[in-house]
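Presented below is the structure to which this report refers.
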There are 4 protein chains.
Amino acid sequence: MAQDRPLTTPPARKPRADSVKNRERLLLAAAEVFRAGGPEASLEAVARRAGVGIGTLYRHFPTREALFEAVYRREVEQLVDLAAQLCEREPPIQALRLWLHAGVGMAATKRGMLTALALAIDSSSEIYAYSFAHLTRALEALLSRASAAGAIRADVGPEDVLQAMVGLSMMGRQPGWEANAIRLLDIFVDGLGASAIGEMPES
Amino acid sequence: MAQDRPLTTPPARKPRADSVKNRERLLLAAAEVFRAGGPEASLEAVARRAGVGIGTLYRHFPTREALFEAVYRREVEQLVDLAAQLCEREPPIQALRLWLHAGVGMAATKRGMLTALALAIDSSSEIYAYSFAHLTRALEALLSRASAAGAIRADVGPEDVLQAMVGLSMMGRQPGWEANAIRLLDIFVDGLGASAIGEMPES
Amino acid sequence: MAQDRPLTTPPARKPRADSVKNRERLLLAAAEVFRAGGPEASLEAVARRAGVGIGTLYRHFPTREALFEAVYRREVEQLVDLAAQLCEREPPIQALRLWLHAGVGMAATKRGMLTALALAIDSSSEIYAYSFAHLTRALEALLSRASAAGAIRADVGPEDVLQAMVGLSMMGRQPGWEANAIRLLDIFVDGLGASAIGEMPES
Amino acid sequence: MAQDRPLTTPPARKPRADSVKNRERLLLAAAEVFRAGGPEASLEAVARRAGVGIGTLYRHFPTREALFEAVYRREVEQLVDLAAQLCEREPPIQALRLWLHAGVGMAATKRGMLTALALAIDSSSEIYAYSFAHLTRALEALLSRASAAGAIRADVGPEDVLQAMVGLSMMGRQPGWEANAIRLLDIFVDGLGASAIGEMPES
DNA sequence: GATGAATGAGACTTCATTCAT
DNA sequence: GATGAATGAAGTCTCATTCAT
């Protein structure tokens with residue numbers, strides 16, 4: 001009697017093999033589909049591309065939000081970590097540039113995440129807000145450092161730069177769009193520095 | 001009947017009725033609805049807002065594309081004209097800035113048109129291609145002029161700047177997004193000039 | 001200009017011919033389908049049986065509730081009116097019996113309405129509450145009259161009798177179920193009178 | 001292996017494990033779930049409430065019908081037995097009343113069983129027919145006895161009374177519905193007796 | 001045997017598009 | 001021409017049922 005397994009504690013069984021595989025496939029497919037079709041894209045398309053039934057998708061991710069979250073949270077976390085690292089080992093402007101480059105080149109999701117971030121700006125959904133808040137904070141560190149060094153103008157907030165990063169990366173899907181986005185972002189950072197010149201005699 | 005009209009010119013029918021009024025209303029409504037809901041917005045919403053039946057919408061614009069075209073063509077034409085004017089009466093950099101500002105502030109359609117342009121970049125649809133081609137050409141005049149004056153770096157094409165304009169305007173829907181987009185574009189133009197400084201002091 | 005039709009007042013056009021026909025078909029089909037499958041029955045089944053597209057059903061009745069309401073409201077109103085009439089022209093017990101018979105035999109919807117009423121008892125939905133409230137009130141008149149005449153026991157409320165009416169009519173779908181339900185209801189009314197005997201010497 | 005068992009009786013396998021416990025849990029859970037949600041209730045809800053996997057449910061009860069049957073058969077058997085007992089130790093009318101009360105108050109399944117019986121009346125399913133047939137037979141004994149004693153009218157069959165029992169119990173789910181159903185059934189039995197009075201004073 | 005993941009059918013709902021009036 | 005009703009495809013979501021582990 002006392003050995004009865006407690007009904008309230010599902011005994012944490014080892015995750016089934018095909019389940020793990022399906023989850024991975026779904027995340028991959030979702031990243032691709034969202035990248036192409038935006039965050040309104042059909043969940044059935046995701047399931048189809050993942051090669052699983054629609055029911056399987058819903059078992060793994062009961063809501064569209066849950067799927068988004070799973071797809072993007074890791075990316076966001078990596079970007080946040082990267083900001084901290086760059087602050088320590090790169091000069092201010094260079095750190096900023098590299099971080100923005102990373103934002104563009106983020107593996108696996110690319111435009112998908114960017115689209116999501118674009119929405120974050122006025123969407124009230126959980127994951128968007130989460131992403132927006134964390135990325136903003138990460139950027140803030142980079143910006144205030146660069147600003148303190150007089151390397152960039154001081155009247156630009158992290159939201160502005162985030163918006164620029166997303167906006168300049170969103171357009172264009174030709175081969176090579178990433179390199180192009182990086183080029184445009186570099187120009188933008190040049191602009192940040194250019195306007196700072198009059199304000200603080202450099203070094 | 002119809003005896004008072006020359007029999008030899010039947011193709012030109014009298015184009016008048018409340019039809020003209022409806023067409024105007026539809027264009028207005030479409031601009032508003034697309035602005036708010038993006039280019040995926042429901043056509044029924046457009047008809048409803050215009051106060052006409054959905055059938056009437058279809059009579060005037062047999063496809064969604066046709067409606068887009070009608071909505072945006074005028075805007076595009078105005079932008080194209082504006083480029084020519086600015087070339088004649090403003091200094092190079094200023095002309096470029098003002099044109100970009102106009103692109104952001106374009107009345108009546110705003111984000112709708114921007115979204116459409118965003119799509120244009122890899123969509124093969126008629127109207128998108130049309131808009132993209134014409135705007136690119138207009139921008140080219142502004143850019144080559146500024147570039148010739150040594151005011152901006154020379155390795156940036158009109159597609160790049162168009163992409164920046166659209167991208168930097170697309171994000172953010174809070175009140176004041178237009179002013180913000182203009183600010184970001186100005187920084188971008190600063191960047192175009194900043195990189196040019198070291199390259200071309202000789203002219 | 002002054003002749004412009006006001007946009008805010010949809011000019012009350014004559015209802016299209018097939019629309020009326022479809023509405024009628026839908027109501028008929030809904031009554032049948034709800035009768036057979038209860039109020040959870042598939043709306044697609046209703047549309048199928050009515051021979052119209054599912055979209056047509058939704059145009060006419062935007063919610064399941066709206067369809068229910070349309071199906072049942074008229075029936076309820078007729079029953080309410082009938083109660084008033086019977087109060088005036090029939091002796092108390094006879095009035096009660098005839099009203100219950102009418103409840104069973106209600107044309108067009110029969111079990112469908114009864115099922116709905118069955119649900120009314122604890123459902124909070126608009127139309128159920130409406131039906132329940134009005135039928136209860138109608139029954140109350142009949143009961144208090146019979147009770148005042150000493151023809152039935154006084155400790156039975158309209159909810160009780162309504163419950164009996166619905167319950168005794170709900171079962172059985174063989175041919176002849178209506179006559180059977182009437183028979184059972186008459187026995188129930190006999191029971192109401194039998195227990196009254198000791199309480200008030202008749203006439 | 002298996003050397004200690006006669007080779008001639010392999011069919012009787014040792015029926016024990018936690019399997020028995022699961023079966024019991026499932027029956028309990030099913031009774032509760034069907035009571036609350038009617039016979040359409042989700043089988044997954046049953047499994048969840050029983051704390052077992054959905055697969056386990058299906059192993060024990062390969063079809064929904066099989067589960068119903070297992071849930072209700074015992075109830076039906078108890079009612080059948082009760083009829084025989086009451087016939088022997090209670091006066092006719094009282095026996096009938098008590099049996100009907102028991103039918104209402106049947107533990108563990110309550111409305112679930114009643115709903116099932118309601119369906120039985122025109123459903124062709126195995127278990128419904130089984131229940132209906134047995135209950136009808138049990139009631140017949142009670143009725144013919146009461147009828148022979150002149151205590152109730154003779155023109156009412158067991159199906160009628162069964163229908164009354166189910167119908168009068170089905171409605172209302174407020175607290176206290178059982179007492180109410182019993183009250184209504186007593187009135188109905190009063191009605192059965194009242195109409196008998198004039199018909200059979202001679203016996 | 002037990003488990004819960006996978007599957008897909010079916011219901012709901014929204015619109016783009018066609019057509020009767 | 002204008003209108004809005006009809007249609008059905010497509011997407012969302014929920015289980016019943018099957019099956020791999």
Residue closer to the 5' end of DNA chain E, A:V52 versus D:G53 (nearest nucleotide): D:G53

First encountered from the 5' end of DNA chain E, between C:A41 and B:E44: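 The answer here is C:A41.
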
For a stem of at least 3 consecutive Watson-Crick or G-U pairs with distances under 3.5 Å, i pairing with j, i+1 with j-1 and so on, which stems involve DNA chain F?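 Detected stem regions: E:2-21 with F:2-21.
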
Could you check whether any side-chain heavy atom of D:S19 comes within less than 4.5 Å of a side-chain heavy atom of D:R59, counting everything from C-beta outward?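 They are not in side-chain contact.
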
Find out whether A:N22 and A:L57 are in side-chain contact, i.e. whether some heavy atom of one side chain is under 4.5 Å from a heavy atom of the other. no

Which class fits the ring pair A:Y72 and A:F34: parallel under 30°, tilted 30 to 60°, perpendicular over 60°? tilted

Can you tell me the distance, in whole Å, between the [atom1] atom of [X] and the [atom2] atom of [N]?
| X | N | atom1 | atom2 | value |
| --- | --- | --- | --- | --- |
| C:E24 | F:dA6 | CD | P | 13 Å |
| A:F34 | F:dG11 | CZ | C1' | 13 Å |
| B:R23 | F:dG1 | CZ | P | 13 Å |
| B:R49 | E:dC15 | CZ | C1' | 18 Å |
| D:E65 | F:dT17 | CD | P | 10 Å |
| A:L67 | F:dT12 | CG | P | 11 Å |
| B:R59 | E:dT18 | CZ | P | 13 Å |
| C:L57 | F:dG8 | CG | C1' | 14 Å |

Report which part of the nucleic acid D:L43 touches: base, sugar-phosphate, or nothing (heavy-atom distance under 4.0 Å, all strands). sugar-phosphate

Side-chain N or O of [X] versus OP1/OP2 of [N]: is the shortest distance under 4.0 Å?
| X | N | answer |
| --- | --- | --- |
| B:T56 | F:dT3 | yes |
| B:N22 | F:dG1 | no |
| D:S42 | F:dC15 | no |
| A:H60 | E:dA6 | yes |

Among E:dA2, F:dT18, F:dA6, which nucleotide has an atom closest to any side-chain atom of D:D18?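 Within the option list, the nearest is E:dA2.
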
Of the options F:dC13, E:dT18, F:dC15, whose atoms approach the side-chain atoms of B:Y58 most closely?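 Out of F:dC13, E:dT18, F:dC15, the nucleotide with an atom closest to B:Y58's side chain is E:dT18.
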
Could you measure the distance from the CZ atom of C:R23 to the CG atom of C:D18? Nearest 0.5 Å is fine.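 Separation between the atoms: 14.0 Å.
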
Assert: residue with more 5' nearest nucleotide on DNA chain F, out of C:R16 and A:A45, is C:R16

Pick the closest DNA chain F nucleotide for A:R64 and for C:G55 by heavy atoms, then say which residue is nearer the 5' end.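 Whichever sits nearer the 5' end wins; that is C:G55.
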
For the student: nearest non-hydrogen atoms of [X] and [Y], plus distance:
| X | Y | result |
| --- | --- | --- |
| C:S42 | C:V33 | O-CG1, 4.3 Å |
| A:R25 | A:A50 | CD-O, 3.3 Å |
| C:L26 | C:A47 | CD2-CA, 4.4 Å |
| D:F61 | D:A70 | CE2-CB, 3.6 Å |

